[in-house]
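Excluded from the calculations below are hydrogen atoms, water molecules and symmetry mates; all remaining heavy atoms, backbone and side chain alike, are included. For reference, positions follow the sequence shown, starting with 1.
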Amino acid sequence: MRTPNSSAATLCSLLLALGFVSSPMTSTIAKEQDSATKPAVDAPAAAPRIQLAILLDTSGSMQGLINQARTQLWKIVNDLALTKQNGKTPSLQVALYEYGKSSLPASEGYLQQIVPLSDNLDLISEKLFELTTNGGSEYCGWVIGDAVDNLEWSQSNNDLKMIFIAGNEPFTQGPVDYRVACKKAIERGITVNCIHCGDESTGRQGKWADGAALADGSFMNINHNDVQAEIATPYDKKLIELGGSLNQTYVTFGDQDKQQAFRARQSAQDSNAEKAAPSVGASRAATKGSSFYKNSNVDLIDARREGKVDLKKLSKKELPEELQKLSPEELGEHLDKKEAERKKIQVEIQSLNKQRSEYLAKERAKEADSSAPVLEDAVGAAIRKQAAEKNFKYEKP
C-alpha cells in the first residue's frame, strides 16, 4: 500500500514544522517504528547516519534475488558496521520496497513500501522472509520516485543516503520517467544504485546504467540465481550460541503484546538465519553484537542508554510481570546487571567474528572465482565507493 500523495505529505510536513502535529505514520509498520524512524525536520542526529533503501523486483522470475537478499543482509550490515565518520560510529536505517508483482494494485504502480526507514533489523529480515513472487510489470521510475518522496530521508549532506534497486526488465517501463525520478533523487543527495539481474550488455541496453549515471550511483550486474558455496568456519557454532544467549539480556517494556512480538520475532529471525546456513546464522549473531542492532522502542537497556525512558515514570504495567514489584532503584540495578552481561557477550562475539573474518578471507583467497557477482558483492562495492565520498572510513574487523 502506498504512502499518502505528495500534496498530503507537503501539508503534513508544513504542520509538523509548525508544531501542530506529530510525525505522520505512513503504514502499520511505521507505527511500530515510531522511535526508529525520525522525520527530516528533527534536530540533527548526534551520530552520522547511513540510510539504505532496498527496492526488490518480486515478479515471477526473481525468487533467486529474494533468497540472496534474505541470506546476505547480515553480511552487508556487518560490513557497514566497520565504518566511522570523523571517528564517530554511524547509525543505520534500512527501508524495504517490493515492486513488479501483479498482485499489487496497478493504480499504485505494482509497488509496496514494506518497511519505512528503520533501525529494526529483525523486522527487515522478517519481511524479507515473507516475500513471495508472481508475474507483473516492473516500473523502476515509479518505485524510485515513491522511495524518494515517501521515505523520511535525512536533510544532512554529511549523511550517506542510498537507494539500491534490483531487477531484470528494462528500466524504462511504466508511466513515470526514470530520468525524472533519478534526477529528483540526486537533487536531494540520494544516490541510486542500479543492479541488473542478468548480463551486463542487456542491462546497459535496458538503461540500468543510464539510471545510475543520472543519480551518481553505481551500475552493476549480478547472477541472481547463483547459490554461493557456503564456507564453514570453526567459529560459526559458538557465534550462533552467543547470539542466542544475547536474547536473554533483553528487558522488554511497553504494551505486553509488543513485548511478546519482539521476542517472537527475534527468535524467529535467529531460526531463519540458522536454517538458511550456519554461516548466515553466524553473520546474524555478529550483527547482534554490533552497535547497529538496536531495540530502544522495546528494550529498557537500549532505551535508557539513549535517554528515551525515565524509570521513575515508567508504569508497572509496562514491565514484565516478574519485574513489576521492583522499585525504580531496584529496576536500575537489574538493568545494570543485564547490560554488563550483554556487553560481555558482545565483546566475545566481536572477538570471534574478527577471527572468523580472517579465516574467511584466507579461504576465499584460495578460490579462483570468475562467476558473476551476487547481491552482497554489488551492494558492498557501491557502498564502499559512496561512503568514501562522504568521509566514511572502514576499520579492520
Side-chain angles (χ1 to χ4, degrees), residues 16-17 19 21-25 29-51 77 80-81 83-94 116-124 152-156 158-160 246-256 258-259 261-263 265-266 287-320 323-324 326-347 350:
L16 179 63
V21 296
S22 59
S23 175
M25 301 303 175
I29 297 301
K31 292 178 182 177
E32 192 172 344
Q33 296 305 307
D34 57 347
S35 67
T37 306
K38 295 297 182 182
V41 296
D42 277 1
R49 275 188 282 183
I50 297 174
Q51 294 183 312
V77 172
L80 285 170
T83 62
K84 288 186 183 294
Q85 186 190 66
N86 300 322
K88 292 184 178 181
T89 300
S91 61
L92 173 67
Q93 292 179 313
V94 181
L117 284 165
S118 169
D119 61 10
N120 191 333
L121 298 176
D122 285 352
L123 180 62
I124 297 291
E152 299 289 357
W153 296 100
S154 163
Q155 296 299 299
S156 173
N158 294 322
D159 290 338
L160 186 58
L246 204 61
N247 296 357
Q248 305 309 310
T249 69
Y250 282 85
V251 182
T252 55
F253 74 104
D255 179 85
Q256 295 297 322
K258 186 174 78 168
Q259 293 183 49
F262 163 75
R263 292 199 177 280
R265 177 180 289 143
Q266 187 180 56
T287 296
K288 290 169 70 177
S290 77
S291 62
F292 281 167
Y293 190 74
K294 297 192 299 183
N295 297 281
S296 59
N297 67 322
V298 70
D299 171 56
L300 271 176
I301 294 174
D302 284 347
R304 185 178 63 160
R305 186 189 307 115
E306 296 180 17
K308 294 182 177 181
V309 67
D310 185 340
L311 299 185
K312 294 181 180 179
K313 297 180 180 179
L314 196 63
S315 169
K316 297 293 185 181
K317 294 180 179 180
E318 295 184 85
L319 293 171
L323 301 181
Q324 291 179 3
L326 299 182
S327 69
E329 292 73 22
E330 291 170 331
L331 179 59
E333 292 174 0
H334 178 75
L335 294 180
D336 289 341
K337 180 180 177 180
K338 285 294 184 180
E339 184 169 18
E341 183 182 342
R342 183 182 300 180
K343 287 180 178 177
K344 181 179 178 181
I345 296 172
Q346 287 175 325
V347 167
Q350 291 163 10

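Arg265 contributes atom CZ, which lies 4.5 Å from atom CG of Leu123 (distance to the nearest 0.5 angstrom). Distance check, rounded to the nearest 0.5 Å: CG of Asn120 to CD of Gln266 gives 10.0 Å. The NZ atom of Lys288 lies 9.0 Å from the OG1 atom of Thr249; values are rounded to the nearest 0.5 Å.
With hydrogens and angles disregarded, a donor-acceptor distance shorter than 3.5 Å links the side chain of Asp255 to the backbone of Lys258.
Qualifying side chain to side chain contact (heavy atoms under 4.5 Å, CB included) partners for Gln248, counting only residues two or more places apart in sequence or in other chains: none. Legend: residues meeting side-chain hydrogen bond (donor to acceptor under 3.5 Å, both in side chains) with Thr83, ordered by chain and number and at least two apart, are absent. Taking Glu341 as the reference, Lys338 meet the salt bridge (Lys or Arg N to Asp or Glu O under 4.0 Å) condition, with sequence neighbours excluded. Residues passing the side-chain hydrogen bond (donor to acceptor under 3.5 Å, both in side chains) test with Asp336 are Arg304, sequence neighbours excluded. Partners of Ser291 by side chain to side chain contact (heavy atoms under 4.5 Å, CB included), not counting sequence neighbours, listed by chain and number: Thr89. With sequence neighbours excluded, the residues that form a side-chain hydrogen bond (donor to acceptor under 3.5 Å, both in side chains) with Asn86 are Asn391. For Glu306, the side chain to side chain contact (heavy atoms under 4.5 Å, CB included) test picks out Lys294, Ser296, Lys308, with sequence neighbours left out. Residues forming a side chain to side chain contact (heavy atoms under 4.5 Å, CB included) with Ser290 (at least two apart in sequence, or on another chain): Ala81, Thr287, Phe292. Every residue meeting the side-chain hydrogen bond (donor to acceptor under 3.5 Å, both in side chains) condition with Asp122, not counting sequence neighbours, appears here in chain and number order: Arg284, Tyr293. Applying the salt bridge (Lys or Arg N to Asp or Glu O under 4.0 Å) rule to Arg305 yields the partners Asp302, Glu339; only residues at least two apart in sequence or on another chain are considered.
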Could you pull out all donor-acceptor pairs under 3.5 Å where a side-chain atom in residues 312-320 meets a protein atom, sequence neighbours excluded?
| from | atom 1 | to | atom 2 | distance (Å) |
| --- | --- | --- | --- | --- |
| Ser315 | OG | Lys317 | N | 3.2 |
| Lys316 | NZ | Leu326 | O | 2.2 |
| Glu318 | OE2 | Ser315 | N | 3.3 |

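Closest heavy-atom contact between Leu300 and Leu335: CB-CD2, 3.9 Å. The heavy-atom pair separating Phe262 from Thr252 by the smallest distance is CD2-CG2, 3.6 Å. Arg342 and Ile301 make their closest contact through NH2-CD1, 3.5 Å (heavy atoms, listed as atom of the first residue, atom of the second, distance).
Side-chain atoms of Leu121 and Gln93, non-hydrogen and from C-beta on, never get closer than 4.5 Å to each other. At least one side-chain heavy atom of Gln51 sits under 4.5 Å from a side-chain heavy atom of Ser154. With contacts defined as side-chain heavy-atom distances shorter than 4.5 Å, the pair Arg49/Leu160 does not qualify. In this structure, the side chains of Ile50 and Asp159 stay at 4.5 Å or more apart for every pair of heavy atoms.
The pair Asp299-Arg263 does not count as a salt bridge, with every side-chain nitrogen at least 4.0 angstrom from each carboxylate oxygen.
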